[in-house]
Amino acid sequence: MTIFIVGGSNSLMKDGWVTSLTRLLPSEQITNISIGATHSMTGLFRVMTRSDLQPGDTIVWEYALNEINHNQRGHRTEDLLRFLEHLLRLCSRRGINFAAAVFTPRQIEALPARPAYYDALLQLFAHYGVPSFDVSPRWCAANRASRFPVKLFKDAAHYVLEPRLMRFIAEGVIDAIGRACVPAEVTPRYTGATVPRLVTPQDGVPFRNTILDLTLAEVPSASFTLSQDGHILGFFALCPPGLQTGLRLTLANGQTGGRWIRISTTPEGNYERPQFRAFSLLQADGAAWRCTRGDRLEVRPAEGTGRYYAEFELRAHLSAISRPFQPSFAGFLLEVAE
């Protein structure tokens, strides 16, 4: 059995909880496929692109902290949990065990009560019969405390790398792994009777680093002809540092006349490495794009300055467009009937 860690930047920290987990489980194979500053739509991409994920393996999901941050910035709870439920149902169909590690950011710990996202999240786990380790209440119970202390945060979104805390989290996750199971076959709450389909460039420019192994669509344009009716939930892109770039995505639809959107692929801040981002149409355009077989999705470098749709830690206003354009489009997520 391989344990796959699917989470945010807390799961990528040097000497973090995953390091402690590895030390406590020296005989287990642990593969970390986490990506920070995103949510379960990216987790779904990561799982769907792993050819080495087999029945009997275990996924440890750790995106609650990221998702509540996105939730606080306007992403609806039901939209975030829609991607998570697709992941749960994918595990159910493929015989993959599931367990969750639930983290809470500093600003949420300061509130009198956690937002409704957490109740909905834990109810979804209970609905599918999968275990979770919820750090905050478990730490409070173990330490007879009424609140999780602020001093245990390194910053707004990361726990301090204190060995006892990291071991506490790792031991809690090990308990959840011991109870991990294939999600139950139950009536879906957010996805309806649909399944996800990931469409990625078949020919293009390869990109590989220590985290990612992608094929990016060729520039200056790429086109994808859809083979099924369904809804496009969103897009995936690699965002190069030090450049101002964006994509224009156009759906040519014979029934609706088509849709289009400009998305920013420009990181905010001083990133040294390209950043992978999922762009949810549920947030960017308010709803998924309905599509029919034979429709065409066209991908081109965006032209012009001004406002772009930007995901977390991407720049929403571009004052110039960098040339030459770097390949960045990594695919899109389609939701189709079962």
Side-chain angles (χ1 to χ4, degrees), residues 4 6-7 33 35 38-50 53 55 58-64 66-68 70-71 74-100 102 115-132 180-200 226-236 251 259 277-293 295 297 311 331-338:
F4 288 84
V6 184
I33 58 173
I35 294 182
T38 182
H39 48 79
S40 290
M41 182 177 166
T42 293
L44 192 57
F45 178 95
R46 294 292 273 162
V47 169
M48 294 179 76
T49 54
R50 295 294 301 202
L53 187 59
T58 296
I59 284 175
V60 176
W61 175 93
E62 184 276 299
Y63 268 125
N66 295 57
E67 296 202 339
I68 191 59
H70 280 77
N71 185 241
H75 288 248
R76 295 181 295 258
T77 294
E78 60 267 28
D79 295 340
L80 293 165
L81 296 185
R82 184 170 173 177
F83 296 119
L84 173 56
E85 186 168 51
H86 272 308
L87 178 56
L88 286 162
R89 299 184 71 219
L90 178 67
C91 290
S92 180
R93 290 190 299 273
R94 292 177 56 179
I96 297 167
N97 299 308
F98 188 99
V102 178
Y117 164 83
Y118 280 95
D119 286 338
L121 175 69
L122 296 175
Q123 288 168 14
L124 186 64
F125 291 149
H127 184 61
Y128 281 89
V130 297
S132 63
C181 59
V182 175
E185 294 184 17
V186 292
T187 303
R189 291 189 168 186
Y190 300 100
T191 66
T194 64
V195 294
R197 294 285 182 264
L198 181 63
V199 182
T200 57
L226 301 182
S227 60
Q228 293 176 277
D229 296 353
H231 292 84
I232 298 176
L233 295 179
F235 312 103
F236 302 97
L251 177 65
R259 307 287 291 273
R277 289 292 183 272
F279 298 81
S280 168
L281 280 172
L282 308 178
Q283 171 69 9
D285 209 27
W289 286 356
R290 182 173 176 270
C291 55
T292 57
R293 182 178 180 180
D295 289 350
L297 179 69
E311 279 287 355
F332 62 98
L333 189 65
L334 188 65
E335 187 178 72
V336 302
E338 285 185 296

Could you tell me if the side chain of [Y] sits less than 4.5 Å from the side chain of [X], heavy atoms only?
| X | Y | value |
| --- | --- | --- |
| Phe332 | Thr200 | no |
| Leu80 | Tyr63 | no |
| Ile96 | Thr58 | no |
| Glu311 | His70 | yes |
| Leu90 | Met48 | yes |
| Leu334 | Cys291 | yes |
| Leu87 | Phe98 | yes |
| Ile59 | Asn97 | no |

Worksheet item: Distance only, no hydrogens: is a donor on one side chain within 3.5 Å (strictly under) of an acceptor on the other, for Asp229 and Thr292?
Response: no

Worksheet, complete the sentence: The side chain to side chain donor-acceptor pair (under 3.5 Å) partners of Thr191 (sequence neighbours excluded) come to Arg89

Worksheet item: For His86, what residues pass the side chain to side chain donor-acceptor pair (under 3.5 Å) criterion, not counting sequence neighbours?
Response: Glu335

Hey, could you give me the [atom1]/[atom2] distance between [X] and [Y], rounded to the nearest 0.5 Å?
| X | Y | atom1 | atom2 | value |
| --- | --- | --- | --- | --- |
| Met41 | Arg46 | CE | CZ | 14.5 Å |
| His231 | Arg197 | NE2 | CZ | 15.5 Å |
| Gln283 | Asp79 | CD | CG | 7.5 Å |
| Ser280 | Arg82 | OG | CZ | 8.5 Å |

Measure from the side-chain N and O atoms of [X] to the backbone N and O of [Y], and report whether any donor-acceptor pair falls under 3.5 Å.
| X | Y | answer |
| --- | --- | --- |
| Arg76 | Leu282 | yes |
| Arg94 | Leu53 | yes |
| Asn66 | Thr38 | yes |

Fill in: Taking every non-hydrogen atom, the tightest pair across Glu338 and Val195
CG-CG1, 3.5 Å

Worksheet entry | For Ser92 against Pro183, the heavy-atom pair lying closest together | OG-O, 2.9 Å

Item to complete: State yes or no: are the ring centers of Phe45 and Phe236 separated by less than 6.0 Å?
Response: yes

Worksheet item: For the rings on Trp61 and Phe4, is their centre-to-centre separation under 6.0 Å?
Response: no

Worksheet item: Should Ile33 and Arg50 be marked as a side chain to side chain contact (heavy atoms under 4.5 Å, CB included) after you check the CA-CA gap, both sets of side-chain angles, and the distance that decides it?
Response: CA-CA 9 Å; Ile33 58 173; Arg50 295 294 301 202; 3.5 Å; yes

Practice prompt. Carefully, step by step, assess Val47 and Leu44 under the rule side chain to side chain contact (heavy atoms under 4.5 Å, CB included).
Written response: CA-CA 5 Å; Val47 169; Leu44 192 57; 5.6 Å; no

Discussion item. Around atom CD of Glu185, are there more than 12 heavy atoms from other residues, nucleotides or ligands closer than 6.0 Å?
Written reply: no

Return all side-chain donor-acceptor pairs below 3.5 angstrom for residues 115-130, not counting sequence neighbours, or 'none' if the list is empty.
from, atom 1, to, atom 2, distance (Å)
Tyr117, OH, Glu67, OE1, 2.7
Tyr118, OH, Phe103, O, 2.9
His127, NE2, Thr187, O, 2.7
Tyr128, OH, Glu85, OE2, 2.6

Discussion item. Apply side chain to side chain contact (heavy atoms under 4.5 Å, CB included) to residues Leu333 and Phe83 and explain how you reach the verdict.
Written reply: CA-CA 10 Å; Leu333 189 65; Phe83 296 119; 3.9 Å; yes

